[in-house]
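See below for the structure under consideration.
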Amino acid sequence: MEKIKKGVRLEHISKIYQDPKTGKDFYAVRDTSLVIEPGSFVTLLGPSGCGKTTTLRMIAGFESPDEGEIYLGDEPINELTPNKRDTAMVFQSYALLPHYNVFDNVAYGLKLRKVPKEEIRERVMNILDLVELTGMEARMTNQLSGGQQQRVALARALVIEPSVLLFDEPLSNLDAKLRVSMRTEIRRIQQRVGITAIYVTHDQSEAMALSDQIIVMNKGVVAQMGTPQEIYYHPVDEFVADFIGEANFLKGTMVVREGEKVTLSIDGNPLVVDGRPDMQTGSQYTVVLRPEAASLADQGGMPCEVVLSCFMGSYQNYHVKVGDTLVKLEEHNPKNKRIYQVGEFCSLVFDPASVHVL
Amino acid sequence: MLKRRNITIPFYMDPWFWVKLMVFVIFALFLVWPFSSIIINAFKSSKVDGFTMANFEKFFRKKYYYGALKNSVGISVVPSLFAIVLGVPMAYLMTRYNVWGKKIWHVLAILSLMSPPFLGAYAWIMLFGRAGSVTTYLKGLGITIPTIYGFGGISTVLTLKLYPYIYMYTSGAMESIDSSLEECAENLGSGKLRRFLTVTMPVVTPSITAGALVVFMSALADFGTPMLLGGQDFRTLPVLIYNEYLSEIGGNGNLASAISIIIVIITLVMLLVQKTYVNRRNYIMSALRPPKEIEVHGFKRFLVTLPVFLISFISFLPQIVVCASSFQHTNYSSFTGGFTFENYQNLGSRLWSSMSNTFTYSLTAMVFIVVIGILMSYVIVRKKGKTGGLLDMLLMAPYVIPGSVLGLCYIVTFNVKPLVLTGTAAIIIISYVIRKLPYTVRSASAFLMQMDPSVEEASINLGVTPMKTFWKVTARLMLPGVFSGAILSWVTCINELSCSIMLSSGKNNTLTIEAYTNIVRNSVGSGAALSAILTVTSALILIICLKISKGKIRV
Ligand SMILES: Nc1ncnc2c1ncn2[C@@H]1O[C@H](COP(=O)(O)OP(=O)(O)OP(=O)(O)O)[C@@H](O)[C@H]1O
Ligand SMILES: [Mg+2]
């Protein structure tokens, strides 16, 4: 595809809905600005009701923003109706046309663009080959499995060669195993075609596996945008840290700064970490500690009491109390390690480089 | 208040704006305006200038008039109650037991509901009337049977014709009860009867009352039955409207208008009563596990089948009686037995003209009904908002306004400039469209509500314009729902009597009008032959439709 890749830009987008019960207006999406690079795979991730679908539907044109402007490439597209936008969407419910067979479903968008018959045939067959559905073009859509239907939906979106592919939880109707294989498939195809893709999900592992960039949304606003690593290791706030993977939050007061390093006092225990320039002595800070980054030892760290100890196969799951704070941790490969029992007093140890100060 | 951006496209660019406008213009022109005219008409009199209550005073002073009001209420309330007595047990047995020949009884119920409006009365007269075959036979044995003319006969005929409304509404509700609810009651140790009274009944009562309301409204509006069985002394309001209108020819139908207003007020009151009752106890249910059919065998199976058989067979009997009689010799307005085709042969050209009228009018009306029905149900379901709600309300109007009232409305309104339509075929077609549209819209909307809207969005998203998407995808997928509704619209158009008889000018007579006039004129042979043709036509259409839609018809 020799088309010029286009990115998507949202500038101060808001969407207002009316709550059907109270009749009050509220922001489903609020003052959101985003830059999505051409050719990248971006996921919108967030809890239910945070405005992911609304954002996606505004890009597709099914909802019009109440404030702000959306750009496709450099062109503002607010005024364009969905059929005039160069986007193609893959729906959660597949939304295949039940009265057409696989071939006609995929060819649907092309036929109405008055593409010559020969070319339609060639393009459809190529795409069906790409999604590995060759030989099924005569089947009716209700004769396909869920995964195959989703591939038809994907092929149908790809065949019109849109600038941007939009996905709204396309895998949530599939079983867990198929979900994993389909997401690798989607990623493979996106990279082959080199198309810009925006993908909505509330499944964080899906987001991690697929994305160049993850946009975490919360209550209608963007909480953080970044690569999966940035989001995981450097979450901007407790919401993001907690939403992506498991997180422990340790509260501490800053006692001293020595160059880059700062010392925090957590429940009386000193912790030396990389500090930010704006941190002030005497203020309270929260430290994010991932469960897999910590382990237990007889001594040498923060004194703690074990309140839960549970064998999970690949790891031993502990809950310990440091002062009043509950810390969850996972001791991986526990076979050759000492197992601490509930009620034991021991020591919580971790590499200060693996924690992140909010 | 948060600030919203205005819709970007101007309203006149939105095709749906024009659709809504068109629908409103149609309803305004052919429902609101005519009805307003008779409201005004009801408060006028040729004797005084300006507005007056004289017509209403006259109505409530003379027994001739207010007696008809009492009669009308009687023959609407009593059939509603008896229809519950027949319909609810039938629904229960049909949904819960492996009744023999289930499909047949179901089809018979639909057939009797959709039969020509005077058919039941006519068949009863043939059997139990003054010169009826059973009456004559029993007289020979020295037995006299109670008269079927008047209140008792009309109520019986209407009950037997209309009970299927209750049966269908109730069985719909019974199928949607989650079986765990009833099992739960059983676990707690309730007996079958108690379970039925404490669990099943409360859940289905809203549907029963909805069905009873429809029975009430249909019985109140019925024109053919009281015309044939009422005789000189038992008049109902629709009959009065017709008589008044006939005797006021050349006049302006002031009294008939007043009577129409009274009928409409009665239906509106019943509608409100039913709505408030249901709103107070609304159990929304969707069966996760629809109740299982209980398998019974041998004598027990016979026992559960017998009541269902009796009910549906007796209500279907008139159609057999009429068809069979149509092959008998006749002699001075009575049947004399034997077998002959002469009744059919004697019809001659009347048959062809009325037949061609029936099909031309009903099929023309169907074209409008299907197109408007598809567009309207889309607006109601997908474009919600104020307009959708208003349209939904307008759709109730044909249920509330009886056929004879609408007929009067049209005569009063379209007899004079600016729009003179009386005596034309167009006015009959228009009355069909307005009165029978709801069947199609309701069935199509119910279907559309279950359709995934993202299919349409996907099509638009692939670059197809919304209008093209509507016709290529939405309308196409709605067809099964539209089809089953349209068939009902069609059959009821074919059998329409109360409105078209007032609008027809002889040369516009349809099969139904022709059959009815022959019966009234005592030309029994032609009457029976025409009725038989009508019955068989309706039955064939319905049966074909049931075959295609696999028995899924909503009334
Ligand atoms: N048409 C509508 N009218 C009113 N409110 C709406 C409408 N559509 C969505 N909302 C509300 O807007 C908010 C955001 O909805 P949205 O569908 O974008 O959530 P989401 O992030 O996609 O959630 P999920 O993960 O559950 O799909 C929700 O509170 C929702 O109830
Ligand atoms: Mg969503």
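For clarity, every value in this text was computed on a predicted model and none was experimentally measured. Only this structure's heavy atoms are used, side chains among them; waters, hydrogens and symmetry mates stay out.
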Check your understanding: Of the backbone (N, CA, C, O) and the side chain (C-beta and beyond), which part of A/Tyr94 lies under 4.5 Å from a heavy atom of chain B, both, or neither?
Key ->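 Neither the backbone nor the side chain of A/Tyr94 comes within 4.5 Å of chain B.
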Exercise for review: Could you look at A/Leu96 and say if it's the side chain, the backbone, both or neither that has a heavy atom under 4.5 Å from chain B?
Suggested key: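 Interface part for A/Leu96: backbone (N, CA, C, O).
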Practice item. Begin with the C-alpha distance, continue with both residues' side-chain angles, and end with the deciding distance and a verdict on side-chain contact (heavy atoms from CB on, under 4.5 Å) for A/Tyr108 and B/Val473. Key: CA-CA 11 Å; A/Tyr108 181 78; B/Val473 178; 3.3 Å; yes
Atom [atom1] of residue position [X] - does it have more than 12 heavy atoms of other residues, nucleotides or ligands inside 6.0 Å?
{"X": "A/Asp19", "atom1": "CG", "result": "yes"}
{"X": "A/Glu119", "atom1": "CD", "result": "yes"}
{"X": "A/Lys219", "atom1": "NZ", "result": "no"}
{"X": "A/Lys84", "atom1": "NZ", "result": "no"}
{"X": "B/Phe483", "atom1": "CZ", "result": "yes"}

Review point. What residue, out of A/Ser14, A/Gly61, A/Ala153, A/Ser93, has the most heavy-atom pairs lying under 4.5 Å from chain B?
Key: A/Ser93
Review point. Can you tell me how far CG of B/Leu462 sits from CZ of A/Arg156, rounded to the nearest 0.5 angstrom?
Key: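 One finds 5.5 Å between CZ of A/Arg156 and CG of B/Leu462.
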Review point. Measuring heavy-atom distances to chain A, does B/Lys468 have an atom under 4.5 Å in its side chain, in its backbone, in both, or in neither?
Key: side chain
Review point. Can you tell if the side chain of B/Pro466 reaches within under 4.5 Å of the side chain of A/Asn83, non-hydrogen atoms only?
Key: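 Side chain of B/Pro466 against side chain of A/Asn83, heavy atoms only: contact under 4.5 Å found.
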Point to revise | Residues in residues 453-461 of chain B near chain A [non-hydrogen atoms, under 4.5 Å] | key: B/Ser454, B/Val455, B/Glu457, B/Ala458, B/Ser459, B/Ile460, B/Asn461
